[in-house]
Amino acid sequence: MATHPEVAALLARSNRLGSDPRNTNYAGGNTSAKGTATDPVTGADTDLMWVKGSGGDLGTLTEGGLAVLRLDRLRALTEVYPGVEREDEMVAAFDYCLHGKGGAAPSIDTAMHGLVDAAHVDHLHPDSGIALACAADGEKLTAACFGDKVAWVPWRRPGFQLGLDIAALKAAHPEAIGCVLGGHGITAWGDTAEECEANSLFIIRTAETFLAEHGKAEPFGPVIEGYAALGAAERRVRAAELAPVIRGLASTDRPQVAHFDDSGTVLDFLASAEHPRLAALGTSCPDHFLRTKVRPLVLDLPPSTPVEEAVSRLKELHAAYREEYAAYYTRHAAPDSPAMRGADPAIVLVPGVGMFSFGKDKQTARVAGEFYVNAINVMRGAEAVSTYAPIEESEKFRIEYWSLEEAKLQRMPKPKPLATRVALVTGAGSGIGKAIAHRLAAEGACVVVADLNADGAAAVAEELGGRDKAVAVTVDVTSEEQITEAFKAAALAFGGVDLVVNNAGISISKPLLETTARDWDLQHDIMARGSFLVSREAARVMRAQAMGGDIVYIASKNAVFAGPNNVAYSATKADQAHQVRLLAAELGGDGIRVNGVNPDGVVRGSGIFAGGWGAQRAATYGIEEEKLGEFYAQRTLLKREVLPEHVANAVFALTGGELTHTTGLHVPVDAGVAAAFLR
């Protein structure tokens with residue numbers, strides 16, 4: 001079916017507006033269009049409204065993200081509206097106004113779009129508009145900025161009554177092209193999609209100009225001595241040191257993924273004299289504090305403070321934050337309020353270093369940080385021309401613990417088994433490591449793809465979905481420095497590491513008398529020593545997080561099976577196998593489980609076999625290299641060839657949540673080699 005012209009215009013306008021962060025934040029705001037279409041039942045023309053549905057994003061909005069409602073039925077709801085005390089009931093009534101099946105669920109703002117007498121309506125959350133909306137004298141400033149072209153609407157929680165208020169305002173002020181919603185954002189309208197978009201942009205850009213021309217030079221006050229930003233390299237080292245500790249604190253109630261932001265906007269705010277006061281006031285726009293919580297946790301020490309002292313103070317502040325948040329909940333919760341969702345901060349601000357934001361996945365954490373940057377911009381604008389005055393704490397609570405928001409959370413899909421977990425896989429640029437990285441990402445983990453081959457690692461990270469799913473790091477596992485840097489990269493990307501897979505390796509297949517000392521040293525440096533170094537750094541990070549963790553060794557059937565012409569490789573695999581037992585015994589008290597996987601005969605897709613090992617083993621067994629996989633399969637009990645995906649399956653089985661009480665185990669993935677049975 002062809003797209004309705006009004007829908008096409010609505011989508012194009014929405015995508016343009018949503019692609020510019022000056023206009024609205026991610027998944028924030030909504031747009032609509034009204035038009036006439038044929039009723040498939042009666043064949044008569046029917047007035048419809050298409051509006052962005054609940055949870056969608058304007059920048060990426062498609063037709064499937066629109067709710068389609070019959071305008072006559074939507075507007076008839078005014079006749080049964082029970083009043084502001086019961087306005088939440090109207091959201092369920094929207095379902096009875098839908099036209100046809102499919103489409104998105106109508107959002108709470110549907111009434112605003114439907115009741116306003118305009119063919120096209122935009123509701124947006126631009127920083128400039130919210131700055132006016134959250135200024136102490138916002139109504140006066142709005143008049144000074146726009147005159148009669150833009151009206152003022154006092155704060156009201158989004159809902160049916162707000163839609164009635166805006167509809168009445170438009171009727172009373174025919175000269176107005178839109179309004180500023182106190183403590184919230186802006187709404188604009190027009191007879192055409194083009195006019196509506198132009199009016200939205202006029203409000204946003206005019207507010208930007210007004211703030212720039214009338215604002216004072218230092219809205220956040222002077223720089224506090226000693227609080228200026230550290231140099232780029234130094235602050236990222238500091239951030240990497242603090243990240244696992246902060247992530248662990250922010251995960252007290254439930255595990256979280258972190259995002260780090262050391263942009264100039266954040267650093268300038270944290271260096272200023274007014275940042276403690278403003279941060280304590282919290283964010284204001286409903287979209288902001290739904291993502292960032294009512295206020296952030298702010299470290300009250302300069303960046304020159306020794307790390308140990310900063311960590312100690314962060315723990316004190318975190319304990320106080322949890323107490324204060326619980327008190328906030330108790331102050332405002334009603335008998336029918338949803339249960340407290342957790343008392344940990346979503347935003348942690350560290351002067352001179354940057355901002356850590358947290359969420360159930362990387363995208364959620366990143367977007368929470370973006371919203372707090374929006375909040376900083378709002379504070380700057382409001383303080384430049386007035387005083388920042390967000391809505392009352394009780395109103396923030398009504399939004400944060402709104403039954404409609406709770407219902408939206410309950411509709412979200414169940415998290416995947418490895419959601420919130422950060423995995424670092426060595427040798428992940430190809431072969432078994434690549435298969436493991438793909439499986440862990442498919443199960444919800446964020447993955448650090450570590451490999452000596454930078455191009456291979458980057459390609460795999462891109463395959464996994466890019467920055468919100470995976471990052472690539474170049475690592476030679478014989479280098480302590482490169483391993484340390486890899487874990488720092490993991491801390492900066494995702495907050496730390498929970499799951500490490502020691503997979504990197506090479507294979508040298510020679511008879512004893514042909515095996516050189518260099519062969520032996522190289523084999524052991526990469527696999528035995530490399531695994532030790534990676535595990536040591538992993539344990540350091542996991543202990544700092546205090547969230548437990550998993551370390552998995554990809555060992556081999558050869559760790560227990562004695563075969564010919566393989567002394568260097570098999571000996572180092574035996575070393576790895578015993579590291580599993582040793583570390584399981586040592587790290588169990590920290591909740592860190594250490595297990596191993598013993599593959600055999602992984603020929604297809606294996607980087608080791610492709611690098612010459614296959615030819616060497618084929619020569620040992622007197623067969624053609626291309627028949628090696630078949631040869632290995634036929635010598636097994638199951639007569640099945642082992643692939644990289646089968647090894648990845650074993651890694652997931654060990655780490656996916658079903659074997660929480662298992663450590664020190666080696667899982668054979670060899671299709672059954674009796675001589676390698678564990679005893």
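Keep in mind the model is a prediction, meaning the values are calculated, not measured.
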Listing request: all side-chain hydrogen bond (donor to acceptor under 3.5 Å, both in side chains) pairs with a residue in residues 347-360, at least two apart in sequence or in separate chains. none
Other residues, nucleotides and ligands only: do more than 12 of their heavy atoms fall within 6.0 Å of CD on Q634? yes
Atom NZ of residue position K315 - does it have more than 12 heavy atoms of other residues, nucleotides or ligands inside 6.0 Å? no
Residue set satisfying side chain to side chain donor-acceptor pair (under 3.5 Å) with K293, at least two apart, ordered chain then number -> none
Sequence neighbours left out, what passes side chain to side chain donor-acceptor pair (under 3.5 Å) with S535? Give chain and number order. N502, Y553
Qualifying salt bridge (charged side-chain N to carboxylate O under 4.0 Å, His left out) pairs, either residue in residues 552-572, two or more places apart: K557-D600
Pair listing, salt bridge (charged side-chain N to carboxylate O under 4.0 Å, His left out) test, anchored in residues 466-476, at least two apart: R366-D468
Would you list the pairs meeting ring pair (Phe, Tyr, Trp, His ring centres under 6.0 Å) in which at least one residue belongs to residues 298-329, sequence neighbours left out? Y325-Y328, Y328-H332, Y328-F397, Y329-F397, Y329-Y401
Ring pair (Phe, Tyr, Trp, His ring centres under 6.0 Å) pairs touching residues 654-679, sequence neighbours excluded, are none
Heavy-atom side-chain contact between [X] and [Y] under 4.5 Å:
X	Y	value
R291	E370	no
V500	F487	yes
L314	L297	yes
N598	S556	no
I554	P599	yes
V449	V425	no
V266	V373	yes
L349	Y372	yes

Per side chain to side chain contact (heavy atoms under 4.5 Å, CB included), L665 is matched among V597, L678, N595 by N595
N566-S570 side chain donor-acceptor pair, cut-off 3.5 Å: yes
Non-neighbouring partners of [X] that pass salt bridge (charged side-chain N to carboxylate O under 4.0 Å, His left out), sequence neighbours left out:
X	result
R536	E480
E400	none
E324	none

Can you tell me if [X] uses its side chain to pair, donor with acceptor, with the backbone of [Y] under 3.5 Å?
X	Y	result
T636	A633	yes
K510	T516	no
D498	V422	yes
Q545	V497	yes

After noting the C-alpha distance and the side-chain angles of Q523 and T572, does the key distance pass the side-chain hydrogen bond (donor to acceptor under 3.5 Å, both in side chains) rule? CA-CA 7 Å; Q523 192 75 73; T572 196; 5.7 Å; no
Only distances under 3.5 Å count here; give the side-chain donor-acceptor pairs of residues 580-593 to other protein atoms, sequence neighbours excluded, each with its distance to 0.1 Å.
{"unit_1": "R581", "atom_1": "NE", "unit_2": "H578", "atom_2": "ND1", "d": "3.1"}
{"unit_1": "D590", "atom_1": "OD2", "unit_2": "R543", "atom_2": "NE", "d": "2.8"}
{"unit_1": "D590", "atom_1": "OD2", "unit_2": "R543", "atom_2": "NH2", "d": "3.1"}
{"unit_1": "R593", "atom_1": "NE", "unit_2": "D550", "atom_2": "OD1", "d": "3.1"}
{"unit_1": "R593", "atom_1": "NH1", "unit_2": "L659", "atom_2": "O", "d": "2.5"}
{"unit_1": "R593", "atom_1": "NH1", "unit_2": "T662", "atom_2": "O", "d": "2.7"}
{"unit_1": "R593", "atom_1": "NH2", "unit_2": "D550", "atom_2": "OD1", "d": "2.6"}
{"unit_1": "R593", "atom_1": "NH2", "unit_2": "L654", "atom_2": "O", "d": "2.4"}

Can I get a per-line list of side-chain donor-acceptor pairs under 3.5 Å for residues 230-245, giving both atom names and the distance, sequence neighbours left out?
{"unit_1": "R235", "atom_1": "NE", "unit_2": "D262", "atom_2": "OD2", "d": "2.9"}
{"unit_1": "R235", "atom_1": "NH1", "unit_2": "L230", "atom_2": "O", "d": "2.8"}
{"unit_1": "R236", "atom_1": "NH1", "unit_2": "D262", "atom_2": "OD1", "d": "3.4"}
{"unit_1": "R236", "atom_1": "NH1", "unit_2": "D262", "atom_2": "OD2", "d": "3.2"}
{"unit_1": "R238", "atom_1": "NH1", "unit_2": "T305", "atom_2": "O", "d": "2.8"}
{"unit_1": "R238", "atom_1": "NH2", "unit_2": "P303", "atom_2": "O", "d": "3.4"}
{"unit_1": "R238", "atom_1": "NH2", "unit_2": "T305", "atom_2": "O", "d": "2.3"}

Do the charged groups of [X] and [Y] touch, with an N to O distance under 4.0 Å?
X	Y	value
D253	R322	yes
K416	D361	no
R313	E309	no

Chi angles and distances behind the side-chain hydrogen bond (donor to acceptor under 3.5 Å, both in side chains) call for N649, E645: CA-CA 6 Å; N649 294 343; E645 290 73 20; over 6 Å; no
Taking all heavy atoms of V602 and all of V647, pick out the closest pair and write down the distance. CG2-CG2, 4.1 Å
Take L440 and V651 through the test side chain to side chain contact (heavy atoms under 4.5 Å, CB included) and record every step on the way to the result. CA-CA 8 Å; L440 298 181; V651 173; 4.2 Å; yes
